[in-house]
Structure formats: structure tokens, C-alpha cells
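One structure is given here, and the rest of the page talks about it.
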Amino acid sequence: MRIRLAFIAGGLAAAVVIAAPAFAQKQGGTLRVSHRDNPPSASVHEEATISVNMPFMSVFNNLVMFDPKEKINSPDKIVPELAESWSWNADKTKLTFKLRSGVKWHDGKPFSSKDVKCTWDALSGIDEKQQIIRKNPRKVWYKNVKEITTNGDNEVTFTLAREQPSFLSMLAAGYSPVYPCHVDSRTMRSKPIGTGPFKVTDFKRNEAIKLVRNPDYWKKGRPYLDAIEFKIVPNRSTRVLGFVAGEFDLTFDSDITFPLLKDVKGQKADAICEARPTNVHTNLLINRDAPPFDNPKLREALVYSLDRQPFSDILSQGNDLRGATMLPPPAGVWGMTQDELQKLPGFGPDIGKNREIARGIMKELGYGPDKPLKIKVATRNIAIYRDPAVILIDQLKQIYIEAELEPIDTTIWYNKIQQKNYQVGLNLTGAGLDDPDGVFYENFYSTSDRNYTAYKNPEIDKMIDEQSAMTDVNKRKAMVTKIEQALLKDGARPPISHSVSNTCWAPAVKNLVLQHNSIYNGWRLEDVWLDR
Amino acid sequence: MGSYLIRRFLLMALTLFGMSVLIFVMLRLVPGNVADILVDSAGIADPKEKAKIAKELGLDRPIHEQYVSWIGGLARGDLGFAYISERPAIEEIAPRIPISAKLAGLALFFSVIMGVPLGVISAVRQNTALDYSLRLVSLSGLSLPSFWLGLLILMASVQWFGMIPIWTNEPRSILEELMLLSIPAAAVGFRSSALIMRLTRSSMLEVLRQDYIRTARSKGASQTTVNYVHALRNALLPVVTIIGIEAAFLVGGLIVTETVFNIPGVARFLVEAILWRDYPIVQNLVMLIAFVVVMVNFLVDMAYMALDPRIKFAD
């Protein structure tokens, strides 16, 4: 109920914002935003964090993007950006984009189809010698790209190995900007060049990221803002106090937890705060390649041990969402409904019964109250990871597992997981876009660089490829559900909850539309204006 | 004196050399290097990517070669390239040093200007209401962590004045900078002032019971002359030592204060660099801190001589 209310309130707030009459829009002003930390770099293609997307997405353009006026990203709400139009060939393996002419990079050089080609040649690994990126976390998104060809300066064609309906959605994500061919990766990491509505003037670590209006922006009359300043304030209390005191117009994305929301509204009654799912979910990592969890029965016991409600109650005052790997509706396009979820192992409403099953398995394996299984639960040494890990440890006691918390320095977390140097881990996974290809390929496909648990299941790989090629949405949705069930049965990153959090802004900030099924999209900010 | 100074400078150089080896080795003993972290930050688990970055940053070279390259560069004034920002380390470090130096200087000034006079007053008014009150203040100074005090100040500012004294923009004038730094300096200097006050008080009490103080009084010297000329000067020796130590410890205090008040100083930058294993930044900054500590120790020793003419440094 509370979740629904939060969505309704958010929806109403957004409706008011969208309904603002066009004549009221004002040009000028600097949007001041608090930023939680130092982004690892400014290169969107090289990173996988909102710390990079939020400040730097507005520096770039995509070929296409999810309609920034819509809250839900879905394949039927994709609008052109650097591409004026697109078309598929008959067997849907060639996607041709007609590109805008007269677009310029921030350094004055002309944008052309060569830039599109070199960006995706690098991203798909077709041309590994491209110097525009150093790291490539989403290479698997483009594993189906066979070739990219240009036809003059204003036409580019992607040839796919097979049909892939999600391909356009992946190109529409905030993680898919077009990069300039003539700029090296070092520059893109420190002071990137884009075609977007804002240019980077300064990126000073521990201080600020400063963007100014691109006067040559191809979309006439945009952006409205003169500048955007992201102030890097690592201390959350300071950030929140700064927002309350009027030092910032907008908080960092999803920075305001539900307990903090009360403080913010108490001290700044006119603040507009919107709750939305972050499409980041908490899940378990189970090391299936080493004892004791190489035993599938033991993994099954873990799946049945979880009581998801206390996680939500304790961590977000009951606002987090129950879901499997894909974000559940209404915000999620592909996730299971609550009724469907009930049928999944460990998701049933009778927790006592679930745990009875888990205890039965444990006893079968020789464990019991007098002979508990002793394990370590590893997690990143950050509060948002540690807190659910502590709840997990408490719940595991119910099925004769005595767990000890093993906080891992965040800098070596993936290293440890990759080296299989853990038994059970508590992890958070964010989805760059709400799409099964994006989520499954990235996290579960055996050849993915982001599949850091090195999960390998040829059956699952086959199912992922199969759903990826399906054009019938309903059939595909059924296949997605089947994959989710299979993953859960196999103990592959059993999901606990999907987080919901708040972003707040001052009433002077107009036209800000937050997207509800991915925090990584929707930060172009070209339509945002300030009423002051 | 001359040969003492030469010996002393040689010792300082040796200490700094030892520090350089220690920092260099310790940094590399910590699990994870910058290549691991850069790749991890993108959630990638590809050893090939790590190896590529490690090679690009020269981390695949033998450790002694890396050390010689760093020390050689340092001797030539070349601090190397920061791994994360990919800019010359000097460009990253240099603008931040004055900010932290001013903050530390102000904090030290605050702690001395508060600690020493209040310590003297507390001693000469021993066992009075004023003494008890000052001791209470000093106790609270020792027990309140500076980050907590800083947050309290920020909350009070927002609640009562509707503003927040944090660094969001470069100050436009010296006055504005002074205003901006004085509150965090007070927060970080409060603990040191309490320590200095307590030490000044106990040292003064000890000195005030000495025969030469009684002699000064019997010669008809005024109470002020006795307290501030005869007693304080002699009581200051241990206080100067603690001021020296506190100056070194201030860096630790600055880390949290710079974070709470969002000051883009060198202390916060150092922590960030350690987390990212940004070796060129960490090595050079720790060397700078080591140099400052060694110099402060030297100055404290010199101050002994100035305060007590009986102290001579043997050749």
C-alpha cells in the first residue's frame, strides 16, 4: 500500500511538472546538484555506476533514446536522437540509421557515421585497436553485432548475427552514447567531448563537475539551463543538510532513504521528493564451485531460508519491492507479478513452511541444531551491503547455519568474487536498462565480462539466446519467467529485494522526469529549467 | 651547534629515506592495486583487462625499478602521473596543499590561543568555580570527536540560520576564506586546545610550587609578572612538545573535518587516493607529511633552546 502511495505521489508530482505550460519555460540559471562521490572517470562506456551516468549523460547523445518525457523505459517508447530515423531489413538482421546532418562535437569537428562505426566497433570488440575506450564492461550487450557499415556520412547499418528485438533498447540506454573517433580514451575519461546539450568545463576530483550549455547544440532552443554544477560531497549528512539549506537544487539520484525523507520534508517542506525503484536489487552470491555449496541441495536450502519482508521493513521502512531478477511491475516491464512470484521456490507467503523445507534439507545433509554449518558471509564493507548481510546472517540461524560477517574492502570485492574466494556473498546488482538481454547477458551469460561469479550453465545460455531472438512479446515474457525460475532453482544469485529510494529537488527545478525502471537513463537534462 | 645541525639534517634525510621505503613497500603489500580497482569499479572480472592497465601504468615492472623511478623523479621534482585523474600528480596535489595548510594553521592557532591562556587561568585560579568550569570544557573537548562536533555545528547552522558553512565554491576573498575555514578549524582545534589547556594547567601548577617562584614573589614581583614571565616560560617546555605532536596529529583530524565540511584539502584527497591505490599521489603526499612532521620536530627542539637558555645542543 505504502509503495503504491509513493508511486502515486511521485506520479502526481511528475504530472504537475509535465503539465507546466510551455510558455513558462525560462532560459538560464545554474542547476546545483550534490554528488555522492568521485566518479571513477567521465567515460560512460568504461564505467558501470550512476556516479558517472548522472553527471556525464548530458554531455552526449545516443542514436536513439528512451523518451525522456516517459517514466517507464520500454521498447515502444524509443525516440530518435542523433539518428533521424531507423529501419530494419526484412529478416530483421540489418538495422539502418539515417543520421542528422550538421551536428558538431563540442570541439567543433563534424559528427558523422564514422563516429558511430568506430564507437560500436570498439564496444562490440570488432576492432579492439580502437583507442576510444580502455575498459569495456558491456561488451556482451553487442555480442550479436557482426558488422557495422557506413554509407556516406549520414547513414550507418548494424548487421546482426541473428534477430534481436532488444538491440534497439540497448542503443537507447544511457550507457550507449556515441563517442567521437578523433578523441582518445584518456581525454574521454577526464574531459569528454560529446555532441550533447552540455559541455564539460571542469572535472576536479573531490570538488566539482562543471558543465556549461552547448551553444551549438543541434536541438534548437535547448538546453534551457546555462550550466550544471555537480558538487562532490562524500558525506551524506552534509549533502542532505546542504539541500535543506538551499545550497543544492537537486539531490544525488536516490540519495534520500525513507528514514531521511522524513527529515528532509520536516526541514524543507517545499521539497519535491519522488520515490522510485532504482532497478538495483539485493541478491545472494553462492560459490557453487567449492564445498559446501557445490552441493545443489545446500543451495536450495539457502533459497528456502529467506524471509524477504524483514529486509524491506528494516532497510527501507517496507518500501523495497519483492521481485526476482527482473524488476517487478508496475515499474518493471519484464518482471513477474506478485502472484507469479508466489509460485517461486522460497517466495511463498508461508515462511514457516519454506524454512521447514530448508531445515529438512539441512537435516538430510547431516546438519542440525547441535551440528550447525559454519560459514562466512562476505560482503563489501559499505553500509548498504553490510546491513542486509547482517539480516541474512540472522535468518540463516533458522536453518542451522551459523554465519560470520566477512566485510571486504570495496576495492577488492570483485577480485575476491572472481577468484571464488568466498562461500556466500551479499551483493547488489544494478540494471542499466530494464530489458532481459541487458540483465541476463550481463550477469548470467557464461562469456560475459560482468558475470563476475563466473556462472556457467549451457542450458541457461541457450535459454538466454532463445528469448533474445523472440519477437512475440508474450512468448518472450514467458521465456523470461522460465529463465528466472531456472536461475532461482539453480541458486544463481537468488534475489532478495529491489530497492526503492527517493530523489528530491527544489520547487524551482522544472521539467525533471525521473525514469522508474532504470536510474541510469533520463539524465540528458536538456528539458529541465529553473524558475527563479 | 654547527656539527649538531649537520648531524641532525643527516638524520632527517635518513628518516625520510626510511619513510620512502616503508611507504613504497607498505602500499604494495595492501591487497589490490589500481588496475584491480579500476577494472573492479566497472564490475568486470577480466584478468586480461587488468593486465593491460597494469602494463599501461608500469605496474608490471620489478618493484625496485618502480622505486628507483619514483625516487629519481622526486629528486628532479617530477611527482609522476596520478593514476585515476591521469594528470601530473603535482597538478593534483599543489592546489590542495594551501587549503589544508591554512586549515591546519588556523586549527593550531585556535588550539594554542585557547589552550595556553585558559590553562594558565585554570592553574592560577586552582579549585575555583572558574577552574572547574574550564576543566569541564577541556574534558568535553577531549571526549567529543571532531566529526561529530562538525556535524552538530552544521545542523545548528541550518536550523538557526538557514545556511550551511560548507565549501561548495572557491572563496572570492581572503575574508570569505577565513570565515569558511574558521568553523572547521575550531571544530578540529577544539580537541587540541583541550589537551594543551590541561597540560598547561598541570605544568603551571608544578612550576608555581617551585622555589624560584617563591623567590620572585618575595622580591616583590607582581602576580602577572610571576605568572606570565617567570612561571609560564618554564611551564611551556612540555606544552611546546605537545603542540609539536598535535601539529602532526592534526592531519588525522583534518581528514574527517574536510569530509564533513566538504573542504577540498589534501587530507581527504589522501584518503581517496589510498582507497584507489593511486600510488603516485599517496607516496608523494605521505612523504610531504613525513617531511612536515620531521621539520616540526626539529623546530620544537630549536624552540626548547629559545625557551630555556640552559639547554644546549652539544657538538
Side-chain angles (χ1 to χ4, degrees), chain A residues 32 34 37-41 46-49 51-52 134-139 186-187 189-190 203-208 229 231-235 237-239 241-248 267-268 409-419 429-430 442-443 448-454, chain B residues 30-34 36-50 52-53 56 82 84-87 92 95-96 147 150-151 154-155 157-159 161-170 256 258-266 268-269 271-278 281:
Chain A
R32 300 159 307 157
S34 60
D37 57 7
N38 285 301
S41 81
E46 292 196 33
E47 309 299 344
T49 165
S51 295
V52 175
R134 180 167 70 176
K135 292 181 284 174
N136 190 4
R138 282 167 294 280
K139 187 176 171 184
R186 177 181 280 190
T187 309
R189 286 191 292 274
S190 53
F203 171 22
K204 258 192 202 157
R205 304 190 71 76
N206 270 334
E207 284 185 54
E229 287 188 10
K231 302 286 181 186
I232 297 164
V233 185
N235 188 291
S237 307
T238 310
R239 283 199 301 276
L241 285 168
F243 175 70
V244 169
E247 201 68 44
F248 307 118
Q267 293 182 75
K268 192 176 169 69
D409 187 78
T410 188
T411 50
I412 53 165
W413 169 243
Y414 289 114
N415 216 13
K416 189 178 171 77
I417 300 300
Q418 183 210 333
Q419 288 171 2
T429 304
E442 212 175 301
N443 300 306
S448 165
D449 280 349
R450 295 252 302 152
N451 174 8
Y452 39 77
T453 55
Chain B
V30 177
N33 65 29
V34 67
D36 291 328
I37 294 163
L38 280 172
V39 172
D40 279 11
S41 72
I44 315 174
D46 183 2
K48 273 192 292 181
E49 297 251 16
K50 283 182 191 175
K52 195 172 91 183
I53 295 175
E56 191 184 310
I84 305 298
S85 68
E86 301 179 79
R87 295 170 60 197
E92 289 284 340
R96 291 175 164 93
F147 74 90
L151 271 179
L154 292 186
M155 284 182 206
S157 305
V158 172
Q159 185 70 33
F161 308 113
M163 53 77 76
I164 184 165
I166 58 169
W167 184 300
T168 49
N169 282 307
E170 192 92 18
V256 279
E258 284 184 358
T259 306
V260 170
F261 287 89
N262 207 43
I263 297 164
V266 91
R268 199 177 112 198
F269 188 58
V271 176
E272 175 83 13
I274 293 170
L275 291 176
W276 282 96
R277 312 288 190 272
D278 199 339
I281 298 287

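Interface check for chain B: of the options A:A48, A:S448, A:G242, A:P234, the most heavy-atom pairs under 4.5 Å are formed by A:P234. In terms of heavy-atom pairs under 4.5 Å with chain A, the best-connected choice from B:T168, B:L154, B:D36 is B:T168. Most heavy-atom pairs under 4.5 Å with chain B: of the set A:R186, A:E207, A:K139, this distinction falls to A:R186.
With a 4.5 Å cut-off on non-hydrogen atoms, B:I263 does not touch chain A at all. In this structure, the portion of A:E46 lying under 4.5 Å from any heavy atom of chain B is its backbone and not its side chain. The contact between A:R189 and chain B is made entirely by side chain atoms (from C-beta outward), counting heavy-atom distances below 4.5 Å. Only the side chain of B:Q159 comes within contact range of chain A, with at least one heavy atom under 4.5 Å from a heavy atom of that chain.
The distance from atom NZ of A:K204 to atom CZ of B:R87, rounded to the nearest 0.5 Å, is 7.5 Å. Taking CZ of A:R134 as the start and NZ of B:K52 as the end, the distance is 8.5 Å to the nearest 0.5 Å. Annotation: the span from B:K50 atom NZ to A:Q418 atom CD amounts to 4.5 Å, rounded to 0.5 Å.
Salt bridge present: A:D409 and B:R277 bring a charged side-chain N and a carboxylate O closer than 4.0 Å.
Closest heavy-atom contact between B:A42 and A:K135: CB-NZ, 4.0 Å. When all heavy atoms of A:P40 and B:I84 are compared, the pair lying nearest together is O-CG2, 3.8 Å. Heavy atoms only, all atoms of each residue included: B:R268 and A:N206 are closest at NH2-O, 2.8 Å.
Looking at residues two or more places apart in sequence or on another chain, you find a side-chain hydrogen bond (donor to acceptor under 3.5 Å, both in side chains) between A:K231 and A:E229, B:N169.
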- Task: Assess whether side chain to side chain donor-acceptor pair (under 3.5 Å) is satisfied between B:E86 and A:S190, documenting all intermediate values.
- Result: CA-CA 8 Å; B:E86 301 179 79; A:S190 53; over 6 Å; no

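The side chain to side chain contact (heavy atoms under 4.5 Å, CB included) test with A:L241 is passed by exactly one of B:I166, B:V158, B:V260: B:V158.
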